Amino acid sequence: PKPIRSILGNVPQAIKSVADLLSSNKCKNIVVLTGAGVSCNARIPDFRTPGTGLYDNLQKYNLPFPEAVFDLGFYRNNPDPFVQLASELWPGLRHSPTITHSFIALLAKKGMLLRNYTQNIDMLDVLAGVPEDKVIECHGHFRTSSCTNCSSAFDGEECKRIIVEEKRAPACKQCGGFVKPDIVFFGESLPLKYHRLVKQDTKMADLLLVMGTSLMVGPVNMIPEMVRSNCPRILLNRELVGTFLRRNGPRTRRKSYDTNAHRDIFHSGDCDDSIRTLCALLGWETELDELNAST
Ligand code: APR
């Protein structure tokens, strides 16, 4: 086959480096960490991009602070802002997986994906064809629901109907408390599956790919710090975030700075554009397009 460098003229060096890693046959246990930025091209706003992010567009709810809409304590007292928002945002057939979601599914198809840790609640990762056992929905999902007071399970479809059609919070049949979908609110712990797998996955990872996240919210934002020090870390994001390309902080015990520069690759831009350029270099474009068209 033609050397990949001759396919496209001005490919950013960072993307070339990622292509070299993925074609080196050394990346068989890739951990992918995604955030709301990978769903923006599916017309789902992210949270913090100034102007378009969800947190800049909640004025009508008169919240004390934007994140209150996903705060457990706030919901127990006043579920209406979340109910209004959920009735508009409830994942349905209105949104399709992006090229970036399909790329993650393609990595799984090629046997290269260890796990996709997604912070998103839009279920587009699974819809893109990423096998369920390869997806960790770190911040929950809308499929099931439970009481915020006694934790009793509540029928997910009934919860959706009441929120989307009646625009009110369902009442728990056991204690009368407010029910909500099982998305993780601030103040709630992450799914057990996350805690069960994150340590072993980050130890096994031979490549970390972070896309579409500000890395502002823990504990998921610690994943880039948990991979081995010789694990390459790729950031495909509009902006530089987290500890990418930065010194790790004060002198380490080894009396030398432990910087990330030697193992980090950062490319600033739209993740779909970056992924498309990467797949062109790898010769994966047809497979990528076929996968995306099939969802
Ligand atoms: N391509 C690449 N990066 C993008 C794109 C895009 N098309 N669109 C947005 N981004 C980047 C933004 O620059 C930002 O750095 O994606 C990031 C999105 O950050 P946030 O809006 O903070 O979303 P996220 O990181 O997923 O938020 C984490 O915060 O409110 C909680 O539970 C919520 O899961 C969410 C968590």
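Remember, it's 1-based here, ligands and their atoms both numbered in the order they're listed. For the numbers below, each heavy atom of this structure counts, side chains included, while hydrogens, waters and symmetry mates do not. The first residue of the sequence shown is numbered 1, and numbering continues consecutively from there. Keep in mind that what you see is a predicted model, and the values were worked out from it rather than measured.
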Glu132/Lys193 under salt bridge (charged side-chain N to carboxylate O under 4.0 Å, His left out): CA gap, chis, key distance, verdict: CA-CA 12 Å; Glu132 294 215 11; Lys193 189 178 172 188; over 6 Å; no
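At under 3.5 Å, not a single nitrogen or oxygen of Asn120, backbone or side chain, sits near a nitrogen or oxygen of ligand 1. Checked against a 3.5 angstrom limit, the closest N/O atoms of Val241 and ligand 1 fall outside it. Residue-to-ligand polar distances place Ala36 within reach of ligand 1: an N/O pair is separated by less than 3.5 Å.
Scanning all protein heavy atoms for the shortest distance to atom 32 (O) of ligand 1 gives His139 ND1, 3.3 Å.
When side chains are defined from C-beta on, Asp201 counts as touching Tyr117, because their heavy atoms get closer than 4.5 Å. With a 4.5 Å cut-off on side-chain heavy atoms, Leu190 and Val220 count as touching. Leu72 is not listed as a side-chain neighbour of Phe186, based on a closest heavy-atom distance of 4.5 Å or more. Taking 4.5 Å as the limit, every side-chain heavy atom of Met226 sits out of range of all side-chain heavy atoms of Lys203.
Numbered from 1 in the order shown, with element, the atoms of ligand 1 that lie under 4.0 Å from a heavy atom of Phe186 read 30 (O), 31 (C). Every atom of ligand 1 is numbered from 1 in the order shown, and the set under 4.0 Å from a heavy atom of Glu239 is 12 (C), 13 (O), 14 (C), 15 (O). Residue Asp46 has at least one heavy-atom neighbour below 4.0 Å for each of these atoms of ligand 1: 9 (C), 12 (C), 18 (C), 21 (O). Below 4.0 Å from some heavy atom of Asp270 lie the following atoms of ligand 1, by number and element: 1 (N), 7 (N).
Remark: Asp182 does not engage Arg143 in a salt bridge, criterion side-chain N to carboxylate O under 4.0 Å. Ion pairing of Lys173 with Glu158 is absent here, as no side-chain N (NZ or NE/NH1/NH2) approaches a carboxylate O to less than 4.0 Å. In summary, Glu290 and Lys109 do not engage in a salt bridge, as defined by a charged side-chain N under 4.0 Å from a carboxylate O.
A donor-acceptor pair is defined here as one N or O able to donate and one able to accept, closer than 3.5 Å; such a pair exists between the side chain of Asn57 and the backbone of Gly51.
Within 6.0 Å of CD in Glu88 there are more than 12 heavy atoms belonging to other residues, nucleotides or ligands.
Contact annotation for Cys271 and ligand 1: heavy atoms of both the backbone and the side chain come within less than 4.0 Å of the ligand. Residue-level proximity to ligand 1 for Phe185 is absent, since no heavy atom of it falls below 4.0 angstrom. Contact annotation: for Arg238 versus ligand 1, heavy atoms closer than 4.0 Å belong to both the backbone and the side chain. Contacts with ligand 1 closer than 4.0 Å are made by side-chain heavy atoms of Val217 only, the backbone lying farther away. Contacts between Phe70 and ligand 1 below 4.0 angstrom, taking non-hydrogen atoms only, are absent altogether.
Distances from atom 12 (C) of ligand 1 to the heavy atoms of Val220, Thr49, Thr118, Val210 put Thr49 nearest. The residue from Gly212, Gly269, Ala42 that puts a heavy atom closest to atom 2 (C) of ligand 1 is Gly269.
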